[in-house]
There are 2 protein chains.
Amino acid sequence: MAIKEEKYQQLFKESLGLFAVFGYKKTTIEDVAAKLGMTKGNLYFYVKNKRDLYQKTIHWALIKWQAHVIKAVDKETCPRKKFMAMARAAMSYIDTNKSLRKILIHDPEIFTLDREKDRFPEANQAAREVIRSIIDQGIAEKIFSITDVCATTEYLFSVYMMFLIKTYVFLDPTAFQQMFDAALQLNLRGLMHNNSPSTP
Amino acid sequence: MAIKEEKYQQLFKESLGLFAVFGYKKTTIEDVAAKLGMTKGNLYFYVKNKRDLYQKTIHWALIKWQAHVIKAVDKETCPRKKFMAMARAAMSYIDTNKSLRKILIHDPEIFTLDREKDRFPEANQAAREVIRSIIDQGIAEKIFSITDVCATTEYLFSVYMMFLIKTYVFLDPTAFQQMFDAALQLNLRGLMHNNSPSTP
DNA sequence: AATTGAACTTATTGTACAATTGTTCAATTT
DNA sequence: AAATTGAACAATTGTACAATAAGTTCAATT
């Protein structure tokens, strides 16, 4: 059913664009239907309701983002480089993806530090696992040394969330970059078994 | 005018208690006045308006909190221990102070990762300076080594904010403690010049 | 200087109704 | 059978205005 998949892709793409411009409330089901050249009634063949459309649209965007990050991580072999690739890919993606970024500004609670309020636990769990696998590999190769892998993963995921929250709100790109670099240095050195001179 | 100072202390204390129980909206100026045995009109001798009362009350609570942290930091001489003392004092204080914590739950935006929306820039600037002075001392004593002190301070302050946001929302105290310890280990090792075995 | 209490102003709540938007579904087309 | 339509229906939001409650001011008083 590649044809139905195509339809969904198009639906989410157009939907994302509209939600980005008008926000959830101001975007009507009819707007989305019109954009796709169908009637609003037919949209209910694809999604349960408006909220479901919004949820599925953002989930789709988050998964696409994640795929981009994983691709960047997989290009590297060393855990240290993987960690850097992960951080950089995640941040640069959101920086270039105007639509997703606009939605995050409209609806900042998409990223929350409160796990109870997490509306995208599936996508975020996958993100945790990316971090976790890099740490595990680093420990296996005796490059990283930390006592509590689980808690460290959760902490680094929270730091990642923190940066996301800061990204779509940050005024000065230079200040952001500096803080990002400082964080990367601090966390990498914190993970490493021995402090070695940083290779940029 | 130590007598007037006393009055303010009492005002903020009672006000904090009421705001903690009922929240900003449900707490009336008359409630606060009654608690202090005065009429609501007289409250306007002390504060500009209701919002000002709320603002001054929280600012007062934040400064008291900060004084507690600084006291704990000053007990230590080594920058490493100072850093740990700072983190621990800040977190344990909020854990025991039920009123302040309740207010933070009612009004989570008191702590924000968005500097533009910071309603207590004075108190938070002072907090940044506590972090900064510990880092500066650590570098002077060649215990810490980081390239960008300014950006690292800002990053660690953000991590501090993140923990505060997580604190009043965290379900499981054990999980919080583990994450806190992992973060402390990671950040301390990241700051240090050479990785030495951690002394607990 | 600190406080009162009444007068005054501003904000909130409730209600009723109109308009808009979201949702369902039997009928129709592909 | 899967996809789509359009009209009927339900839910939500917006508007207007009255009633109420809460916030604010200030001349008089302690």
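Numbers restart at 1 for each chain; the letters A, B, ... are given by sequence-line order, proteins then strands.
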Requested in this report: Examine dT25(D): is either OP1 or OP2 under 4.0 Å from a nitrogen or oxygen in the side chain of Y44(B)? Give yes or no.
Outcome: no
**Report entry** Nearest to side-chain heavy atoms of N49(A), which nucleotide of dA3(D), dT24(D), dT23(C)
**Finding:** dT23(C)
Query raised in the report: Counting any heavy atom closer than 4.0 Å, what does K25(B) reach on the DNA or RNA strands: base, sugar-phosphate only, or nothing?
Result: sugar-phosphate
Query raised in the report: When you measure from the centre of the six-membered ring of Y8(B), is the NZ or CZ of K56(B) under 6.0 Å away and within 45° of the axis?
Result: no
Requested in this report: Please report, rounded to the nearest Å, how far the P atom of dT25(D) is from the CG atom of L43(B).
Outcome: 13 Å
**Report entry** Trace of the side-chain contact (heavy atoms from CB on, under 4.5 Å) decision for N187(B) with Y155(A)
**Finding:** CA-CA 11 Å; N187(B) 285 318; Y155(A) 169 65; 3.0 Å; yes
Query raised in the report: Does any nucleotide pair with dT29(D) by Watson-Crick or G-U wobble geometry, both distances under 3.5 Å, and what is it?
Result: dA2(C)
Query raised in the report: Distance check: side-chain N/O of Y46(B) vs OP1/OP2 of dA2(C), anything under 4.0 Å?
Result: no
Requested in this report: Find the distance K26(A):NZ to dT13(D):C1' and express it as a whole number of Å.
Outcome: 11 Å
Query - Whole-Å distance separating the CG atom of L18(A) from the P atom of dT21(C) - result: 14 Å
Query raised in the report: To the side chain of F45(A), which of dA1(C), dG23(D), dA2(D) is closest?
Result: dA2(D)
Report task. Indicate whether any N or O donor in one side chain lies under 3.5 Å from an N or O acceptor in the other, for E6(B) and Q10(B). Result -> no
Report summary line: note: M38(A), atom CE; dT29(C), atom P; distance rounded to Å ~ 19 Å
Query raised in the report: Given atom CD1 of I29(B) and atom P of dT3(C), what is their separation to the nearest angstrom?
Result: 15 Å
Query raised in the report: To the nearest angstrom, how far is K40(B) atom NZ from dT25(D) atom P?
Result: 12 Å
Report summary line: When N42(A) and E30(A) are each assigned the nearest nucleotide of DNA chain C, the 5'-most assignment goes to E30(A)
Query - R119(B) NZ/CZ over Y54(B) ring centroid, <6.0 Å and within 45° of normal - result: no
Report summary line: Comparing T39(A) with Y24(B), nearest DNA chain D nucleotide closer to 5' gives the residue T39(A)
Report task. Round to a whole Å and report the spacing from CZ of R51(B) to C1' of dT24(D). Result -> 16 Å
Query raised in the report: For the side chain of K50(A), counting heavy atoms from C-beta on, which of dT3(C), dT23(C), dG23(D) is nearest?
Result: dT23(C)
**Report entry** Residue pair D95(B) / S92(B), side-chain donor-acceptor N/O under 3.5 Å
**Finding:** no
